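Structure first, then comments.
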Amino acid sequence: MKSRLVTVAFLASLALPHGPVTSQESAPRPALAIDLIERFGDTTQTLEDGVAYYSATGVLLVVRNEELTKGRWSARDDGTLCWELDGSEPDCTRFVMVGDIVHHGEGGLPVGQPDLVSGNLLAEAASAMAYANSAELFTPEETRAFLSGKTALRSAHGRLYYAPDQVLHTVWHGVRKQGTWSIDEHGGVCWHITGWGEQPCEYYFVGHNGTVWSRFRGLDQVAAEHVAGDRTEF
């Protein structure tokens, strides 16, 4: 069953590219079902093309391309977490554990952590929907003033510093890169970083509660915190 959903409120932890995990604190092991249930239950995950909520009772809500799809999720002792949407065949992703931290796994090796935050952050969507649809996006000048000389605290493991000369400094999962940022004619900020591939531009507007929101990958979300100066050093 699908229904139209335009606005999604969740923390601004975007699924930007991130490299292999280099932690040597403990050897990776396959995730057990109990590991995945404990870490995914009642959390919201940011995907590359949307967002998903895993209820503690196994209900799965996924938003992609402005549509909400409902289904079920389950975990297995072979390290896989599986989705079943609209009666389709299970779509499973493999995970491994490094210590008590869950990672995506390839060939038994960790290749990056899923972006998870506690709780159902889709719940705010209904109250914000009407306002977001009519909100005016920042102009190019407003976006430049909002970003220039500031660091976006994207998540616990990702930051971007917008230097006034339009050099972009990034750190993501301990990997540092440098590129440039620009603003398009509609006021969106665009990132140009070697290795990231083509990224959609991000747009800003003032939300119904007076806070700044962003529009990225077709979804609306509370904007990341932006602080003055280069704060890419953790």
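Predicted model only: the values in this text are computed from it and were never measured.
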Check whether any side-chain N or O of [X] sits under 3.5 Å from a backbone N or O of [Y] as a donor-acceptor pair, and report yes or no.
X      : Y      : result
Trp83  : Glu89  : no
Thr80  : Arg94  : no
Arg176 : Thr232 : yes
Asp77  : Ala33  : yes

Could you go through the side chain to side chain contact (heavy atoms under 4.5 Å, CB included) check for Lys177 and Trp196 one step at a time? CA-CA 10 Å; Lys177 288 182 175 288; Trp196 281 16; 3.7 Å; yes

Does one hydrophobic cluster hold both [X] and [Y], with members joined at side-chain heavy-atom distances below 4.5 Å?
X      : Y      : result
Met97  : Leu116 : yes
Leu137 : Val222 : yes
Val102 : Leu47  : yes
Tyr161 : Ile193 : no
Ile183 : Val206 : yes

[X] to [Y] - nearest heavy-atom pair and separation:
X      : Y      : answer
Thr151 : Gly229 : OG1-O, 2.5 Å
Leu153 : Ala224 : O-CB, 3.7 Å
Val111 : Gly105 : CG2-N, 4.3 Å
Pro164 : Ser148 : CA-OG, 3.3 Å
Arg72  : Val59  : NH1-CG2, 3.5 Å
Cys82  : Pro90  : CB-CB, 4.4 Å

Testing Asn120, Thr44, Thr43, Asp42 for side-chain hydrogen bond (donor to acceptor under 3.5 Å, both in side chains) with Tyr53, which one passes? Asp42

Would you kindly say whether [X] and [Y] are connected by a side-chain donor-acceptor distance under 3.5 Å?
X      : Y      : answer
Ser214 : Glu202 : yes
Asp184 : Tyr203 : yes
Trp213 : Thr211 : yes

Find out whether [X] and [Y] are in side-chain contact, i.e. whether some heavy atom of one side chain is under 4.5 Å from a heavy atom of the other.
X      : Y      : result
Glu106 : Leu109 : no
Gln113 : Ile101 : yes
Val167 : Trp181 : no
Arg76  : Cys92  : yes

Return the orientation label for the Phe138 and Tyr204 ring planes: parallel under 30°, perpendicular over 60°, tilted otherwise. tilted

Taking the six-membered ring for Trp, are Phe146 and His226 parallel (under 30°), tilted (30 to 60°) or perpendicular (over 60°)? tilted

For atom CD of Glu38, is the number of surrounding heavy atoms from other residues, nucleotides or ligands below 6.0 Å larger than 12? yes

I'd like to know whether Asp100 forms a side chain to side chain contact (heavy atoms under 4.5 Å, CB included) with Arg39, so could you lay out the CA-CA distance, the side-chain angles of the two residues, the decisive distance to 0.1 Å, and finally the verdict. CA-CA 10 Å; Asp100 61 354; Arg39 286 155 182 80; 3.7 Å; yes

Proximity of Trp191 and Phe216 rings by center, below 6.0 Å: yes

I want to know whether Phe95 and His104 have ring centres closer than 6.0 Å. yes

Taking atom [atom1] of [X] and atom [atom2] of [Y], what is their separation to the nearest 0.5 Å?
X      : Y      : atom1 : atom2 : answer
Ser55  : Phe40  : OG    : CZ    : 14.0 Å
Leu81  : Gln45  : CG    : CD    : 8.0 Å
Cys190 : Gln199 : SG    : CD    : 10.5 Å

Check this for me, if you would: do [X] and [Y] make a salt bridge, where the nitrogen-to-carboxylate-oxygen distance has to be below 4.0 angstrom?
X      : Y      : result
Arg215 : Glu136 : no
Asp35  : Arg29  : yes
Glu225 : Arg231 : no

For Arg159 and Arg154, run side chain to side chain contact (heavy atoms under 4.5 Å, CB included): C-alpha distance rounded to whole Å, both residues' side-chain angles, the deciding distance at 0.1 Å, then the answer. CA-CA 5 Å; Arg159 299 182 180 185; Arg154 307 293 297 202; 5.8 Å; no

Given the rule in the salt bridge (charged side-chain N to carboxylate O under 4.0 Å, His left out) test, do Glu84 and Lys70 qualify, once you have shown the distances and angles that lead to the verdict? CA-CA 9 Å; Glu84 295 183 57; Lys70 297 181 180 180; over 6 Å; no

Given Leu85, which of Asp91, Leu61, Leu60 fulfils the side chain to side chain contact (heavy atoms under 4.5 Å, CB included) condition? Leu60

Between Phe205 and Val212, does a side chain to side chain contact (heavy atoms under 4.5 Å, CB included) hold up when you go through it step by step? CA-CA 6 Å; Phe205 61 93; Val212 176; over 6 Å; no

